[in-house]
Structure formats: C-alpha cells, structure tokens
There are 2 protein chains.
Amino acid sequence: MSEYEHLCMIRGDGGHTLRQILEQICNKWTLLVVATLDQQTLRFTDLHQRVPGISQRMLTLTLRNLERDGLVAREVHAEVPPRVEYTLTAMGRSLLGPALTLAGWAMEHVPHIEQSRAAYERRRT
Amino acid sequence: MSEYEHLCMIRGDGGHTLRQILEQICNKWTLLVVATLDQQTLRFTDLHQRVPGISQRMLTLTLRNLERDGLVAREVHAEVPPRVEYTLTAMGRSLLGPALTLAGWAMEHVPHIEQSRAAYERRRT
DNA sequence: CTGAATCCGTGCCGATACTG
DNA sequence: CAGTATCGGCACGGATTCAG
C-alpha cells in the first residue's frame, strides 16, 4: 500500500476530507498569498501589489478563507484611512515549510517539464 | 524578502511560470493520482477504483497531462482485452516527497482547521 | 484604504452514450 | 478494458461599481 493510502486510512473517510483541505490550499491563489506573507505582516494593498495578477475580489475571498481556517490573522486598526494588516498564524507558518518545498520542486523542474511538453507535442504531430 | 519571493526572482517572470506549474500540480485530481501511484504500477481501472470520486473522463484527462509533463509513463500492452499500465517516472517520484509532505500537513491539521471554521461561523452569527 | 455587491463570460467537470 | 464524444450546469474568477 502507498504512503498516501496509509494517510487516508487514518482518517477513514476515503480521503474525502483530505481532498477538501488540499483543494482549499492548492487553489489558484491561496498558496501564493501564504508564501507572500512569509516573514512579514502586510496590508491589503501591499498584498494586492505583491501577488502578481490577483484581482481585488479574489484577494478578499482568499484572505477570508484563510482567516476562517485559522491560517491568517486579520487585525483592523481604528484609523482613517483604515489600516488592516494580515499576518500568518502559527498554523499558517507551519504550512509554509511544506508549501515552499512544493514550490521549490516546481521551480526546479520547470525546464524539464517544458521540455517534456514540447516532446509530447512533437510526438502528437 | 520572503523565501518565496526569492524563488520567483530566480525565474524573473513575476511568478507566472511557477503559478502555472503549481496550478497544474495542485488541481482537483493530479496530486491524488500521483500519490496513488506511489510504489505501484496500476492499470486504468485500478486507478479509477482507488481514487475515490474521480470520473472516467477526469482520470483520462489527468493522466494525459501527467504523461505530457513527463511525470507518468504510459505503457500499452498489445493484448485483448487491452491492458494499459501507468507508472511514475523518476520526475514523478521526485514529486512524491514534497506532495506527501503537504498531504501529511493537511491530515495533521484537519481537526484544527475544522475547529477554526466552527469558531468563525459562531462569530459571524 | 478596504472592502462588498453585482454582472457576466469562460471553462471545468460530471453524466451519459458510444467505440475498438 | 480503456478509452472518446458530446452536452449542459454551475462555479470560478475578472471587471466594474458602490460604500464605510
């Protein structure tokens, strides 16, 4: 049996819950937002600028989900103009290691993957 | 600067390529299929049964993408009935470590996340 | 500045039926 | 057994506007 199947059996739900959490984490923006908050507290606008390509709407939704899941702490300062700062919680920081490991893998293998795709296209011709 | 931002700078594309690869890997099914192929070569139907909830169509598409990216090898045996076996390539196996690390993180924190969600809902009331 | 609300197109994905 | 083909719902996500 694979290590993954062993992990699923512990939960005993056929991997359903695991899949849900993984989908939540691995969606279009979550991982990038968490990684950007590494080592730094950022305001909404700063995050908006540092995560290239994210829309205001998706940043808001992503941050709400992260806050809901307890990965990010949201602190509102009673000022005008408003200042809202986002920081990783302890659980959020604990995700950083695994997440960066995966991101590092992706960075390392980008050339190989692109090469494999090109070869596949040629074969398909 | 965060470690993630450092990773992006290496590529110099503002994280665009990295995001593409991560999306490819972290979509609804890819990670689960790769994890299921850990330590074992499986036929199409076996995979279909072992990945709970995946449709035939999505299994086909996922496998094609994995084959295209060089993560999975597809071997067709000239028999009747047909037998097609899928195996992780060296690059596919190298993904397993980071992927299982992330899956392990998710499994560990499922209780904490569920608890945090419940607390969030109560607060929102 | 930090959102919330709305509109709306695109494409993902499941269901179903069919093929070699 | 191992797919391909087709259709359709609907959720994701971008653009825009409005609000506190």
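Within every chain, numbering begins at 1; the chains are lettered A, B, ... in the order of the sequence lines, protein sequences first and strands thereafter. Values in this document were obtained by computation on a predicted structure and should not be read as measured data.
In the set C:dC1, D:dG3, C:dG3, the nucleotide with an atom closest to the side chain of A:Pro81 is C:dC1. When each of C:dC1, C:dG3, D:dG3 is scored by its nearest atom to the side-chain atoms of A:Gln56, the top-ranked nucleotide is C:dG3.
Residue B:Thr45 places at least one side-chain N or O closer than 4.0 Å to OP1 or OP2 of D:dA2. Contact annotation: B:Tyr86 does not reach the phosphate of D:dC1 (side-chain N/O to OP1 or OP2, under 4.0 Å). Between A:Arg43 and the phosphate of C:dC1, there is no side-chain N or O to OP1/OP2 separation shorter than 4.0 Å.
A:Asn27 meets the side-chain hydrogen bond (donor to acceptor under 3.5 Å, both in side chains) test with A:Thr30; sequence neighbours excluded. Qualifying side-chain hydrogen bond (donor to acceptor under 3.5 Å, both in side chains) partners for A:Thr87, counting only residues two or more places apart in sequence or in other chains: A:Thr41. By the side-chain contact (heavy atoms from CB on, under 4.5 Å) test, B:Ala119 is found to be paired with B:Arg122, B:Arg123, residues two or more places apart in sequence or in another chain being considered. When the side-chain contact (heavy atoms from CB on, under 4.5 Å) test is applied to A:Thr89, the partners found at least two apart in sequence or on another chain are A:Ala73, A:Met91. Qualifying side-chain contact (heavy atoms from CB on, under 4.5 Å) partners for A:Glu67, counting only residues two or more places apart in sequence or in other chains: A:Arg64, A:Arg74, B:Tyr120. When the side-chain hydrogen bond (donor to acceptor under 3.5 Å, both in side chains) test is applied to B:Arg43, no partner is found at least two apart in sequence or on another chain.
Of the residues in residues 63-72 of chain B, not one places a heavy atom less than 4.0 Å from an atom of DNA chain C.
Just one residue in the list A:Leu47, A:Val84, A:Val51 forms a side chain to side chain contact (heavy atoms under 4.5 Å, CB included) with A:Leu42, and that residue is A:Leu47.
Straight-line distance from the CD atom of B:Glu85 to the C1' atom of D:dC1: 13 Å, rounded to whole Å. A:His48 places its NE2 atom 11 Å from the P atom of C:dC1, with the value rounded to the nearest Å. Put simply, CG on A:Leu59 is 10 Å from P on C:dT2, counting in whole angstrom units. Following rounding to the nearest Å, B:Leu47 (CG) and D:dC1 (C1') show an atom-to-atom distance of 14 Å.
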What protein N or O atoms touch nucleotides 8-10 of chain C N or O atoms at under 3.5 angstrom, if any, and at what distances?
none

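Taking CG of B:Leu63 as the start and CH2 of B:Trp29 as the end, the distance is 12.5 Å to the nearest 0.5 Å. Interatomic distance, B:Lys28 NZ to B:Leu61 CG, rounded to the nearest 0.5 Å: 13.5 Å. Annotation: the span from A:Leu37 atom CG to A:Leu66 atom CG amounts to 8.0 Å, rounded to 0.5 Å. Taking CG of A:Leu100 as the start and CG of B:Leu102 as the end, the distance is 11.0 Å to the nearest 0.5 Å. The CD1 atom of B:Ile113 sits 11.0 Å away from the CD atom of B:Gln115 when rounded to the nearest 0.5 Å.
In the helix from C:dC1-D:dG20 to C:dG20-D:dC1, the terminal helix axes, each the rotation mapping four pairs' C1' atoms onto the next four within five end pairs, subtend 40°, rounded to 10°.
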Contact letters for nucleotides 9-15 of chain D, in which S counts primed atoms plus P, OP1 and OP2 and B counts the base, heavy atoms under 4.0 Å: ----BBB

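Pairs engaging residues 71-114 of chain B under the ring-ring contact (aromatic ring centres under 6.0 Å, His included) rule: B:Trp105-B:His109 [sequence neighbours left out]. Pairs passing the salt bridge (charged side-chain N to carboxylate O under 4.0 Å, His left out) check and including a residue from residues 83-98 of chain B, sequence neighbours excluded, read B:Glu79-B:Arg83, B:Arg83-B:Glu85.
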